[in-house]
Asks: 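Have a look at this one.
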Amino acid sequence: MPSTPRRVFMLKVVSGTAAIAAAGSLQAAPKKVEENEPKAVSLGYKHDSAQVDTKKFPKHVAGQKCTGCMAWLGKPSDAWAECDLMVDRLVSGTGWCSSFVKVKG
Ligand code: SF4
């Protein structure tokens, strides 16, 4: 079957659309934040809220953790999720940083 200009055009559109979709799916998923990353250090972030230096961060209250923070973007049951403050990183649900703001309600 000979290729008509319309057929060639449609093949280009379909393959171009597939390439765009593939490129979108190649975006890297956020990785877990490291406690020694500059942003984490500046916020006093710890994966385990119980490990926070309470002398350095006296506003820390036992029991506070990322899943109870306004900036948490995951579900309450997620172990790790994105956070409004740690761009392109996942924070631990049991974590804490000095920007903690308790979810109301
Ligand atoms: S802003 Fe909230 S969710 Fe983000 S790291 Fe700090 S305590 Fe956790």
Side-chain angles (χ1 to χ4, degrees):
M1 180 181 297
S3 292
T4 63
R6 178 178 161 77
R7 178 173 290 187
V8 170
F9 172 77
M10 290 306 292
L11 285 172
K12 286 180 180 177
V13 168
V14 170
S15 64
T17 303
I20 291 168
S25 67
L26 291 177
Q27 281 186 330
K31 66 177 189 175
K32 293 178 180 177
V33 67
E34 300 289 340
E35 290 180 351
N36 61 359
E37 288 183 36
K39 178 85 173 188
V41 171
S42 70
L43 293 172
Y45 170 84
K46 295 290 181 190
H47 296 314
D48 179 357
S49 177
Q51 301 301 312
V52 171
D53 181 347
T54 54
K55 288 187 176 141
K56 196 170 178 182
F57 300 101
K59 80 168 202 171
H60 175 267
V61 174
Q64 290 178 337
K65 55 186 180 178
C66 291
T67 54
C69 174
M70 295 280 288
W72 177 255
L73 297 176
K75 292 178 282 189
S77 59
D78 288 341
W80 293 83
E82 293 182 83
C83 153
D84 281 332
L85 270 74
M86 302 276 192
V87 178
D88 295 332
R89 290 290 185 269
L90 299 175
V91 297
S92 171
T94 60
W96 186 90
C97 86
S98 60
S99 291
F100 177 89
V101 176
K102 186 178 177 183
V103 173
K104 293 183 173 78

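In each ligand, atom 1 is the first atom listed, and ligand 1 is the first ligand listed.
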Asks: Got the closest protein heavy atom to atom 7 (S) of ligand 1, with its distance?
Replies: Cys97 N, 3.4 Å

Asks: For His47 and Tyr45, take the angle between the two ring planes, folded into 0 to 90°, and tell me which bin it lands in: parallel under 30, tilted 30 to 60, perpendicular over 60.
Replies: perpendicular

Asks: Among all protein heavy atoms, pick the one closest to atom 4 (Fe) of ligand 1 and tell me residue, atom and distance.
Replies: Cys83 SG, 2.3 Å

Asks: Would you indicate whether Asp88, at its atom CG, is surrounded by more than 12 heavy atoms from other residues, nucleotides or ligands within a distance under 6.0 Å?
Replies: no

Asks: Using a 4.5 Å cut-off on heavy atoms from C-beta on, say whether the side chain of Lys39 contacts that of Met86.
Replies: yes

Asks: I'd like to know: is atom 8 (Fe) of ligand 1 within the 2.8 Å range of an N/O/S atom from Cys69, strictly under that distance?
Replies: no

Asks: Side-chain contact test, heavy atoms from C-beta onward, threshold under 4.5 Å: evaluate it for Asp78 versus Trp72 and give yes or no.
Replies: yes

Asks: Which residue holds the protein heavy atom closest to atom 8 (Fe) of ligand 1, what is that atom called, and what is the gap in Å?
Replies: Cys66 SG, 2.3 Å

